[in-house]
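Counting from 1, the numbers follow the sequence of the chain as shown.
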Amino acid sequence: NDKPSELKPPQMPAASQPRSRNSSVNGCISAQDFDFGRILGEGSYSTVMLARHRSTGKEYAIKVLDKGHLKRNNKLATALAEKNTLVRLGAGHPGIVHLHWTFQDEWSLFFVLDLARNGEIQSRISRLGSLSLACSRYYTAQLIDALEYMHNKGVIHRDLKPENLLLDDNFRLKLTDFGTGKILSSGVERSKTWVGTAQYISPELLDSSETSKSSDLWSLGCILFQMVSGRFAFQGLSEYLTWQKIKQLDYSFPEGFDEQAKDLVQKLLVRNPAERLGAGAPGSQNDMQALRAHPFLSTIDWKTLWTSPAPPLQ
Ligand code: ADE
């Protein structure tokens, strides 16, 4: 192992790489097959790093999870759930980060993921103040398309937010971070633990911890609001006050907010999960097709959504 030390994952002891016993899914890949580069993102239990696969030269984002830290905080099951969710989603949709391999060594779990080189939509919104209507429409459409795929596979995300919407080389959307994802066995489930981020969490999750596909539609409404206006739909001075606003549906549109976008947000930010646009069973009047048919999205060409160029980010 002649790798310069700065290219190694930072959280691993220096001597770890040559000694690491690999126990990958296919029995042959390990950290030594990659050159690790800069940190792309950091979470509470993981660090995502740029990495190049040595033999192919292909670049990936590798999520490195510290096993000791996971164990100490009872999060091993969460990491396993994330892996299972990603495996279930497979490589079948361009708008969802694909898990290529997993492996582990003594200290860490490694998830080798699609690289989304243009980072989070969140940082674009921050930098630009808000997104153009064309961009807001385009990313709403891509998110709807990815959500329908995911929901049809029985997966709900439960923590949709602009930080989890990444942009690839072509500025197309890639949904990531399934650490809070849930594989549904029936339609609605009660989760033991509260998940999600304050500003995007649905009222039913706050009230009863009930999750369904419709909770992701609520978050979509919050995200659309934020892309167009540059602000949170629900924001109080504390997390508690934010939750109060969510429960009371206490939000208002800034002046000049596009009328069609406003109509769509109003049809997503509905307290009753069953009444949100797109929440109905496939084939019913209020299914995802009805969501796609909303006037705000009338100029979207769904057939070329993942092949035609993205609108300029502005
Ligand atoms: N940050 C977190 N996940 C990432 C990914 N898959 N690609 C790029 N940056 C990321």
Side-chain angles (χ1 to χ4, degrees), residues 88-89 92-93 95-96 133 136-161 164-165 173 175 180-191 195-196 199-228 233-234 246-253 257-303 305-306:
R88 176 181 275 238
L89 290 170
H93 198 281
I96 295 173
L133 219 47
S136 304
R137 178 179 289 116
Y138 177 76
Y139 292 119
T140 299
Q142 291 204 322
L143 183 50
I144 289 171
D145 201 66
L147 281 183
E148 184 168 18
Y149 170 84
M150 200 179 88
H151 288 170
N152 286 341
K153 293 256 174 197
V155 171
I156 43 181
H157 189 287
R158 300 197 298 178
D159 194 18
L160 287 178
K161 53 183 171 181
N164 291 337
L165 306 179
L173 182 137
L175 183 50
T180 52
K182 176 101 192 144
I183 296 177
L184 275 181
S185 42
S186 62
V188 178
E189 286 191 17
R190 210 168 269 270
S191 21
V195 296
Q199 285 88 354
Y200 310 90
I201 197 151
S202 59
E204 68 272 15
L205 262 166
L206 287 173
D207 280 339
S208 58
S209 304
E210 270 185 1
T211 48
S212 69
K213 296 167 184 176
S214 194
S215 311
D216 287 341
L217 294 173
W218 173 278
S219 307
L220 170 66
C222 296
I223 292 167
L224 173 55
F225 182 103
Q226 194 180 344
M227 289 193 293
V228 174
F234 302 97
I246 292 169
K247 289 189 201 185
Q248 292 155 12
L249 206 64
D250 176 7
Y251 77 103
S252 57
F253 293 95
F257 198 103
D258 178 77
E259 286 300 321
Q260 287 178 332
K262 183 173 176 176
D263 187 80
L264 179 48
V265 170
Q266 285 171 332
K267 289 182 164 123
L268 292 167
L269 298 184
V270 172
R271 212 148 349 151
N272 181 350
E275 287 174 8
R276 288 172 205 148
L277 188 56
S284 72
Q285 269 213 334
N286 188 33
D287 63 0
M288 290 296 274
Q289 204 45 51
L291 176 53
R292 288 174 190 261
H294 187 277
F296 178 61
L297 303 168
S298 62
T299 55
I300 294 290
D301 182 356
W302 296 94
K303 282 196 288 295
L305 187 60
W306 299 97

Exam field: side chain Asp287 to backbone Gly280, donor-acceptor pair closer than 3.5 Å = no
ask   = Considering all heavy atoms of both residues, which atom of Val228 and which atom of Ala261 are nearest to each other, and what is their separation?
value = CG2-CB, 4.3 Å
message = What verdict does the side chain to side chain contact (heavy atoms under 4.5 Å, CB included) test give for Phe257 and Lys262, after you've listed the backbone C-alpha separation in whole Å, the side-chain angles of each residue and the deciding distance to 0.1 Å?
response = CA-CA 7 Å; Phe257 198 103; Lys262 183 173 176 176; 3.9 Å; yes
inquiry  = Does Arg276 form a salt bridge (Lys or Arg N to Asp or Glu O under 4.0 Å) with Glu204? I'd like the steps, not just the answer.
reply    = CA-CA 12 Å; Arg276 288 172 205 148; Glu204 68 272 15; 2.7 Å; yes
query = Any side-chain heavy-atom pair from Ile223 and Thr140 closer than 4.5 angstrom?
reply = no
message = Please give me the minimum heavy-atom distance between Ile96 and Ala146, naming the atom from each residue.
response = CD1-O, 3.8 Å
task = Check whether any side-chain heavy atom of Tyr138 sits under 4.5 Å from a side-chain heavy atom of Leu133, and report yes or no.
result = no
query = So Asp159 and Ile201, side chain to side chain contact (heavy atoms under 4.5 Å, CB included) or not? Walk me through it.
reply = CA-CA 7 Å; Asp159 194 18; Ile201 197 151; over 6 Å; no
inquiry  = Quick check: do Leu217 and Leu291 have side-chain heavy atoms less than 4.5 Å from each other?
reply    = yes
task = Provide the full list of side-chain hydrogen bond (donor to acceptor under 3.5 Å, both in side chains) pairs with a residue in residues 216-225, sequence neighbours left out, each pair given once.
result = His151-Asp216
request  = Measure the spacing between OG of Ser214 and CG of Asn272 and express it to the nearest 0.5 Å.
outcome  = 8.0 Å
request  = Might you point out which heavy atoms bring Ala274 and Ala279 nearest each other, and give the distance in Å?
outcome  = O-CB, 3.9 Å
query = How about Phe253 and Phe225: are their ring centroids closer than 6.0 Å?
reply = yes
message = Quick check against the 3.5 Å criterion: does Arg137 have a side-chain atom that pairs as donor or acceptor with the backbone of Phe296?
response = yes
task = Answer yes when Arg292 and Glu148 have at least one side-chain N-carboxylate O distance shorter than 4.0 Å, and no when they do not.
result = yes
query = Can you check whether Ser215's main-chain N or O pairs, donor with acceptor, with Ser202's side chain at less than 3.5 Å?
reply = no
query = How long is the gap from CZ on Phe234 to CD on Gln199, to the nearest 0.5 Å?
reply = 11.0 Å
request  = Kindly give the heavy-atom pair with the smallest separation between Lys213 and Ile156, and that separation in Å.
outcome  = CA-CG2, 3.3 Å
key: Between CG on residue Leu143 and CE on residue Met150, distance to nearest 0.5 Å   = 8.5 Å
query = Ignoring hydrogens and geometry, is there a side-chain-to-backbone donor-acceptor pair from Gln142 to Leu173 under 3.5 Å?
reply = yes
ask   = Please walk me through it: do Lys267 and Asp263 pass salt bridge (Lys or Arg N to Asp or Glu O under 4.0 Å)?
value = CA-CA 6 Å; Lys267 289 182 164 123; Asp263 187 80; 2.7 Å; yes
remark   = Residue set satisfying ring-ring contact (aromatic ring centres under 6.0 Å, His included) with Tyr139, at least two apart, ordered chain then number -> none
query = If you round to the nearest 0.5 Å, how far is NE2 of His294 from CD of Gln289?
reply = 14.0 Å
ask   = Does a side-chain heavy-atom distance below 4.5 Å link Leu297 with Ile300?
value = yes
key: Where Gly154 and Arg88 come nearest, the two heavy atoms and their spacing   = CA-NH1, 4.2 Å
request  = Would you check if the side chain of Asn164 reaches a backbone N or O of Leu160 as a donor-acceptor pair within less than 3.5 Å?
outcome  = no
key: Pairing residues for His93 by the ring-ring contact (aromatic ring centres under 6.0 Å, His included) criterion, not counting sequence neighbours   = Tyr149, Trp306
